[in-house]
Chemist: 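Here it is, the structure, as structure tokens.
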Amino acid sequence: MCSILGSLSRKALLGTIPLRCTILAQRLASSATPDECSQPAEFYDIIIAGGGMVGTTLACSLGKNLRLADRRILVLEAASGFKQPSMDTYSNRVSAISKGTHRLMKTVGAWPQIEATRVKPVLKMQVWDACSDALITFNYDDMAENIAWIVENDVLLASVYRQLEQVKNVEIRYSSKIEGCKLIRDGVDMSTVQLSNGDRLKCELLVGADGYNSLVRRSMGVDNFTLAYNQMGVVATLKLAEGISNNVTAWQRFLPTGPIALLPLSDDLSSMVWSTSVSEAKRLLQLDGISFVAAVNEAFNKRYPRNNLLDDIMKNVHSLVSSTTGQRLESAPVVEAVIEKSRAAFPLGLGHTSTYAGQGVCLIGDAAHRVHPLAGQGVNLGFGDVQCLTDILAESNYAGLGVNNLAQLLKYERQRLKHNVPVLLTTHGLQRLYTTDFPPLVGLRSVGLTITNALPPVKKFLMNYAMS
Ligand SMILES: Cc1cc2nc3c(=O)[nH]c(=O)nc-3n(C[C@H](O)[C@H](O)[C@H](O)COP(=O)(O)OP(=O)(O)OC[C@H]3O[C@@H](n4cnc5c(N)ncnc54)[C@H](O)[C@@H]3O)c2cc1C
């Protein structure tokens, strides 16, 4: 059926057949066999399970693509709605977004509203090791270009949603928890979802954007590698002491217990992500404001015990490369206060599914891959999936192959695996390499970091890859 619909849809787009193929599809799909159900299921061409940042952006990106204009798309989200950004308070959930995400936000038309609401460009990044003098800095020449943007998740979601409201072929249903999925592998003719309110819906393509506990992924019966880091990411909004003239640097210090990062939000506010052991995270959440601020300032400045031999080696490495870099460690800004009620903690883990696509189904975002936030890559990988899936489905639909062609879905899988797996492995490797103060490993990582810092082409390559 899909190829018939695909070719019809192409002709309809070209204006030769004044027919909406989705109407035909709906009729065909609604004639469910009696053993499947007692009442016919509603039909959509594409159903997106999960209306988080990634699922909502996919809906907008597909809906705005002219080559998919004949397709009816539905987003099902369990929550009753999304949080509107507060004009007075910054949210404690923020993302460092890459150039690729910036481009996608422009393509779906959300960027002007993000900019009009709140966003802070990052022009420089300093990453350093608490157990040695190793550091690396990233910035484009003369800070002429942004290396990332810090956006509150609520601001991004609200801006994409505003665009979605204007897209006629996309519908979003809140308070719609999916309770079960049946896929073609289970013997049904089309992907079918069952909502907790009893409604049944069918589609040609079911996209799982339902986060790291994805029900769609579990219904696919695919292997999913998971690893709990036994760490939590403590987040908070922090007020910086006066004297910062230009808050445009992202700071990250690797402590033996995990990294602490400070991301600029405004001239005098920054967002913190402190990855640490579960017990330490709980302690940090319990501290009164003054003690918490003292703990944060200590984390950025405390001198940890050093190994003398390692210090000597690093002095030599530094003297060898200092003429190339001429860089010195800069101090992170002093934190003055924590914004009330902005502290929270989230469990951190690694996850990767063996398969992103199957007959009539595919996965995007955290449903397919979950990474440690130390490299700020999680949602950026998800947005990369969105761009890739949009391109492939649009091309496939235009070519008359429809939106559930397995070969096309596997092409999506291949392209994304090629990008996502190296990022996952690197992030995991860094997490492991830095959560130790074992001198040989500290030595290895410190020499590596210092030499990388002295090689501008390598740094530029890393920066472009991570932020593309
Ligand atoms: C502390 C921390 C800091 C981070 N910082 C960064 C950063 O700087 N940069 C970055 O790129 N990434 C960052 N990340 C990662 C990023 O937050 C995630 O990758 C991103 O939120 C995943 O988005 P998603 O839409 O794929 O999944 P989710 O945000 O999990 O959304 C899934 C949606 O599906 C819905 N859902 C689930 N099950 C069902 C169901 N059965 N029926 C209907 N709906 C359902 C949920 O309600 C939810 O809305 C960070 C993560 C953490 C924990």
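Here the structure is a predicted model, which means the values were calculated and not measured. Whatever order the structure lists them in is the order used to number ligands and atoms, beginning at 1.
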Chemist: Taking only heavy atoms of G365 into account, list the atoms of ligand 1 that are under 4.0 Å away from them.
Modeler: 26 (O)
Chemist: With backbone taken as N, CA, C and O and side chain as the heavy atoms from C-beta onward, which portion of L381 lies under 4.0 Å from ligand 1: side chain, backbone, both, or neither?
Modeler: neither
Chemist: Does atom CD of E165 have more than 12 heavy-atom neighbours from other groups under 6.0 Å away?
Modeler: yes
Chemist: Any side-chain heavy atom of L265 sitting closer than 4.5 Å to one from S270?
Modeler: no
Chemist: Would you call the rings of Y412 and Y356 parallel, tilted or perpendicular if under 30° counts as parallel and over 60° as perpendicular?
Modeler: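 Answer is tilted, since the angle falls between 30° and 60°.
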Chemist: For R93, is the nearest heavy atom under 4.0 Å from an atom of ligand 1?
Modeler: yes
Chemist: Nearest protein heavy atom to atom 9 (N) of ligand 1: under 4.0 Å?
Modeler: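 True for atom 9 (N) of ligand 1.
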Chemist: Where's the contact between A209 and ligand 1, heavy-atom distance under 4.0 Å: side chain, backbone, both or neither?
Modeler: backbone
Chemist: Relative to ligand 1, is S176 under 4.0 angstrom through side chain, backbone, both or neither, heavy atoms considered?
Modeler: backbone
Chemist: Could you verify whether a donor N or O on one side chain and an acceptor N or O on the other, from N380 and S98, lie under 3.5 Å apart?
Modeler: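 Short answer, yes.
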Chemist: Determine if the distance from atom 29 (O) of ligand 1 to the closest protein heavy atom is below 4.0 Å.
Modeler: no
Chemist: Hey, which atoms in ligand 1 end up nearer than 4.0 Å to a heavy atom of A78?
Modeler: 43 (C), 44 (N), 45 (C)
Chemist: Quick one: look at Q377 and ligand 1, take heavy-atom pairs under 4.0 Å, and tell me if it's side chain, backbone, both or neither.
Modeler: backbone
Chemist: Assess the side chains of N420 and H352: does a donor N or O sit below 3.5 Å from an acceptor N or O?
Modeler: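 Their side chains do not contain a donor-acceptor pair, so the 3.5 Å distance test is not met.
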Chemist: Distance to 0.1 Å, residue and atom name: give those for the protein heavy atom nearest to atom 5 (N) of ligand 1.
Modeler: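 I find the closest protein heavy atom is V94 O, 3.8 Å.
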Chemist: Just jot down the ligand 1 atoms closer than 4.0 angstrom to any heavy atom of L76, in number order.
Modeler: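 The list of qualifying atoms is 43 (C), 44 (N).
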Chemist: For the residue pair E179 and L195, establish whether any side-chain heavy-atom pair is separated by less than 4.5 Å.
Modeler: no
Chemist: What is the ring orientation for H102 with W149, classed by angle as parallel under 30°, tilted 30 to 60°, or perpendicular over 60°?
Modeler: parallel
Chemist: Could you work out, for atom 46 (C) of ligand 1, the closest of E77, H372, R370 by heavy-atom distance?
Modeler: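 That would be E77.
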Chemist: Take atom CG of N197 as the centre, draw a 6.0 Å sphere, and report whether it contains more than 12 heavy atoms from other residues, nucleotides or ligands.
Modeler: yes
Chemist: Given the ring of F43, does R72 sit roughly above its face, with NZ or CZ under 6.0 Å from the centre of the six-membered ring and within 45° of the axis?
Modeler: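 No; the conditions do not both hold, so R72 does not lie above the ring face of F43.
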Chemist: Tell me which protein heavy atom sits closest to atom 38 (N) of ligand 1, plus the residue, atom name and distance to 0.1 Å.
Modeler: D210 CB, 3.7 Å
Chemist: Check whether any N or O atom of G378, backbone or side chain, sits under 3.5 Å from an N or O atom of ligand 1, and answer yes or no.
Modeler: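 Min N/O separation from ligand 1 is below 3.5 Å for G378.
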Chemist: For ligand 1, which atoms, with element, lie under 4.0 Å from some heavy atom of N380?
Modeler: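 Those of ligand 1 that fall under 4.0 Å from N380 are 11 (O).
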Chemist: Hey, is NZ on K64 packed in by over 12 heavy atoms from elsewhere, all under 6.0 Å?
Modeler: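 Enclosed.
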Chemist: Side chains of S266 and D268: is there a donor and an acceptor less than 3.5 Å apart?
Modeler: yes
Chemist: Identify, for atom 18 (C) of ligand 1, the protein heavy atom at the shortest distance, and state residue, atom and that distance.
Modeler: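 So the nearest neighbour among protein heavy atoms is D366 OD2, 3.5 Å.
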Chemist: Using ring-ring contact (aromatic ring centres under 6.0 Å, His included), reason through Y229 and H428 one step at a time and then give a plain yes or no.
Modeler: CA-CA 10 Å; Y229 284 123; H428 178 62; 5.7 Å; yes
Chemist: Suppose I only count heavy atoms of G376 and a 4.0 Å limit; which atoms of ligand 1 are within that range?
Modeler: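 What qualifies from ligand 1 is 7 (C), 8 (O), 9 (N), 10 (C), 11 (O).
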Chemist: Looking only at heavy atoms, is any part of A96 under 4.0 Å from ligand 1, and if so is it the side chain, the backbone, or both, or is it neither?
Modeler: both
Chemist: Number the atoms of ligand 1 from 1 as they appear, then name those within less than 4.0 Å of a heavy atom of G211, with their elements.
Modeler: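 Those of ligand 1 that fall under 4.0 Å from G211 are 27 (O), 30 (O), 32 (C).
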